Amino acid sequence: MSPKTSVHNADIAAAFDEIADLLELEGANPFRVRAYRNAARVVGELQLDLAARLAEGGELPKLAGIGEDLAAKIAEMGATGRMHALEELRTHFPAGITELLRLPGLGPKRAAALHDRLHVDSLEDLKRAARSGKLREIPGFGERSEQKLLEAVEARLTKSRRFKLAVAAQYAEPLARYLGATVAGSYRRRKETVGDLDFLVASLDPAGAIERFAGYSEVKEVLARGTTKASVVLASGIQADLRVVPPESFGAALHYFTGSKAHNIAVRRLGMALGLKVNEYGVFRGTKRIAGATEESVYRAVGLPYIEPELREMQGELQAAREGTLPTLVALADLKGDLHAHTSATDGRNTLREMALAAKAAGMQYLAITDHSRHLAMARGLDATRLARQGREIDALNASLGGIVLLKGIEVDILEDGSLDLPAEALAKLDVVVGAVHGKLDLARDRQTRRVLAAMDSPHLDILAHPTGRLIDEREPCELDMAAVMRKARERGVCLEINSQPDRLDLNDVHCRMARDMGVTVSIDTDAHSVDGLADLRYGVGQARRGWIGKEQVLNARPLAALRRALGRKPTRVKEAS
DNA sequence: GCCGTTTTCGGCCCGACTGTTTTCAGTCG
C-alpha cells in the first residue's frame, strides 16, 4: 500500500505522544520523554501537512525541537504509515496501558505499579481493582486515590469516542477536497467534538463518486456500500459517510445531513403544516418538487429565512427566524486582532518579532502579547522587571514594524484569594490585562466563584481567560457559578474570553449563548503559543457563532482605536470584594 | 532526543500541591 496521503500531522503527533508515554512507563530519561512530547506538540499544531509535503517530494522544514532522529521518524511514517520505534516499544507493554495515563492523578510511576503488582492493563482492569479495594493496598495508593481513580475511570468509560473538531478537520478537509464534497453533520455545525464525518456530493454519477470514495487511500474498512451512499472507517478510526444526490436535491440533502436531528424534525413539521413534504431530496407538494437545490430554497419553502448551521440546535432559532430576529453571527473576517498570545519569553515558542510578523501576515491589525506572570513558574512567568523590559521591546518593534500594532499585556495568574499575581503599578502600565486561573482548579464552587469574582473587581482586569479551565475530554471544568461571573462581568465591564485552542474552547457554546443573552462582551482569542497557533481563531469563532454572538458583542472585532477606547473606559470600582 | 557550543558533552522551564509518607515521591501545570 502507499499510505503517503493517509498520514496527517495528528497521526505523527499521536505516535510521538505514545512513544513518550511508553518511555515514561519504562522510566526513560525524562528529557528524552520531553523531547517526544515537545515534538508531538510542534507537529500537532503545524499548519503545513508534513506527509503531503514529503509525498510531493518536498523537504521537511527545519522545526524547532525536531532533530535528525525525529525527522527520520516523521519521514518513515510519511513513507510507510508506520513508526518502527513505536511498534517495538508497544511490544513491551499490554495494549491498554497508555489509556491509564490519560486519567487525572495517574502518572507513569503509579501506572507502572498497577501493571506490575495488580496486572492492571486497561481501564476495565482498573475499575475492577478499584472496586474490590485492592488499589489501596499498593504503596503510594490509599483509600482516597482509590476512590478518585474509580470515579475517573467510570467517567471515562461512559464516554463514547469523539474527535475534537480541529483533529477531525485534519481528516475531513483533505477528503472533502478529494471528493469535491461538502462536510455536513456536526462538523458543519462546528460542535466542539464530532462523532463521525458526513460528506455530501452533488453528482449525476453516484457510482463514480462512491467508487472514488471507497478508493481513498485512507480507507481502512468499507462498512457499507450502495448506489448512493457508503460508509467507511478511515485509518484514523473515524467513520466517514458519503451521500451522493443529484444537484437539484443538494440543498435539501445538505440541510438534512447537517442536522441537528431535532431541528430537521421541526422544519419537516413546519412543512407538513403547509401541506408539504420535506426530505433529503427536496420539498414536495404532492409529487412536485418545489424546492431543494439550495438550503435557502428549503427554508423559503417553509416560510423561513436562511438559518446558519451553527444555530440549528433547537435553541430558539425557528422562533427567531419566524420573528425576523435571527442574529447576524460574527465571522472570522470580522476579527481585527487577537488579545491573548505568548512568546518565548515564557512558554511560547516564537519570539515577539516572529509573532508580530505572523499576526500581520494573518491580516490582524493588532496582537496583544500576554505572557504568563511569575506564579506560573513552570512557564518562567514574568515578574514586573521582565514585563517592563518586554514593554520596551514592544515599543521598539512598534516603531520599526508597519502594518501591525503590538499591545502590551499579561496573562496574569488569579491567585487562590482572587488577587492578581503582579503589583497594580505594573498592571496599570499595560494596554490589556488578561487574567486566568491556573492552579487550584478544584476549589469548591463557592470558593472558586468568590475567587474569580474578586479578581474581576480589580480595576485592572480586562479579560477573564478560559473561564472554566476545562480541557476537552481531559479535564472537567472547574466548579463555577457562571451566572454570577457573567453578572459581574457586565457590571464591571470585564470581557469573558472565548479561548480558541481546540482543546479548550472555553467559554463553550452554552456559555457563549449565556454571555449573549446577558449582554456580556466576549473576546475571541487564540492563546497562541506559536505562530501556528494563530490559525486556531476559527475554532473560537465557531463556538461564538453557536452561541448566537454577533460582532458587536466581540471586543476584538473592533478596530484599534475603538478597542483602545473600550479598554480605557471601564466602570469605576463599585465595591470592594468582601 | 535536542541543542549549542564552553564543538561531541552536559544541560534541558521548576514550584506547588496531594496524599502518602513521617520526610517525600508522584503528579500537575
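Values below: all heavy atoms of this structure, side chains included; hydrogens, waters and symmetry mates excluded. The chains referred to below are lettered A, B, ... by the order of the sequence lines, with proteins before strands, and numbering in each begins at 1. In this text the structure is predicted, and so the values were computed from the model without any measurement.
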In whole angstroms, how far is the [atom2] atom of [N] from the [atom1] atom of [X]?
X: Asp421(A); N: dG29(B); atom1: CG; atom2: P; answer: 18 Å
X: Gln147(A); N: dT18(B); atom1: CD; atom2: P; answer: 18 Å
X: Glu143(A); N: dT18(B); atom1: CD; atom2: P; answer: 19 Å
X: His375(A); N: dC14(B); atom1: NE2; atom2: C1'; answer: 12 Å
X: Leu23(A); N: dC2(B); atom1: CG; atom2: P; answer: 12 Å
X: Lys73(A); N: dC2(B); atom1: NZ; atom2: C1'; answer: 12 Å
X: Lys148(A); N: dT18(B); atom1: NZ; atom2: P; answer: 8 Å
X: Leu149(A); N: dT27(B); atom1: CG; atom2: C1'; answer: 12 Å

inquiry  = Between the base of dG1(B) and the side chain of Asn38(A), is there a donor and acceptor pair under 3.5 angstrom?
reply    = no
Spacing of the [atom1] atoms in [M] and [N] (rounded, Å):
N: dC9(B); M: dC14(B); atom1: P; answer: 24 Å
N: dT6(B); M: dG11(B); atom1: P; answer: 15 Å
N: dC12(B); M: dT5(B); atom1: P; answer: 15 Å
N: dC2(B); M: dC13(B); atom1: C1'; answer: 15 Å
N: dT20(B); M: dA16(B); atom1: P; answer: 22 Å
N: dT21(B); M: dT27(B); atom1: C1'; answer: 15 Å
N: dT22(B); M: dG15(B); atom1: C1'; answer: 22 Å

Side chains of [Y] and [X]: any donor to acceptor distance under 3.5 Å?
X: His438(A); Y: Glu411(A); result: yes
X: Gln147(A); Y: Glu151(A); result: yes
X: Tyr171(A); Y: Asp11(A); result: yes
X: Gln390(A); Y: Asp371(A); result: yes
X: Arg451(A); Y: Gln448(A); result: yes

So, is [X] close to the [N] phosphate, meaning a side-chain N or O under 4.0 Å from OP1 or OP2?
X: Lys440(A); N: dC28(B); value: no
X: Arg144(A); N: dG19(B); value: yes
X: Ser145(A); N: dT20(B); value: yes

Check every strand shown and say whether [X] touches a base, only sugar-phosphate, or nothing at a heavy-atom separation below 4.0 Å.
X: Glu24(A); value: nothing
X: Pro139(A); value: nothing
X: Gly65(A); value: sugar-phosphate
X: Leu441(A); value: nothing

The side chain of [X] lies closest to which of these nucleotides: [options]?
X: Phe31(A); options: dC12(B), dT27(B), dC2(B); result: dC12(B)
X: Lys62(A); options: dG1(B), dT18(B), dC3(B); result: dC3(B)
X: Asp442(A); options: dC12(B), dT18(B), dG1(B); result: dT18(B)
X: Arg110(A); options: dG19(B), dT27(B), dC13(B); result: dT27(B)
X: Arg475(A); options: dC13(B), dG1(B), dG29(B); result: dG29(B)
X: Arg32(A); options: dG19(B), dC13(B), dG1(B); result: dG1(B)
X: Lys109(A); options: dC13(B), dT20(B), dG26(B); result: dG26(B)

request  = Would you mind telling me which residue lines up with the more 5' stretch of DNA chain B, Gly142(A) or Asp347(A), judged by nearest nucleotide?
outcome  = Asp347(A)
task = Between Leu376(A) and Ala71(A), name the one whose nearest nucleotide on DNA chain B is closer to the 5' end.
result = Ala71(A)
ask   = Since syn is defined as within 90° of 0, does dT18(B) count as syn or as anti?
value = anti
query = With a cut-off of under 6.0 Å to the ring centre and 45° to the axis, is Arg190(A) in cation-pi contact with Tyr187(A)?
reply = yes
inquiry  = Going by purine N1 to pyrimidine N3 plus the second Watson-Crick contact, or the G-U wobble pair, all under 3.5 Å, which nucleotide sits opposite dA16(B)?
reply    = dT27(B)
message = Ring-plane angle category for His340(A) and His466(A), please: parallel below 30°, perpendicular beyond 60°, tilted otherwise.
response = tilted
message = Could you go through Ser530(A) and Asp532(A), starting from their C-alpha distance and side-chain angles, then the distance that decides it, and tell me whether this counts as side chain to side chain donor-acceptor pair (under 3.5 Å)?
response = CA-CA 5 Å; Ser530(A) 68; Asp532(A) 284 303; 4.8 Å; no
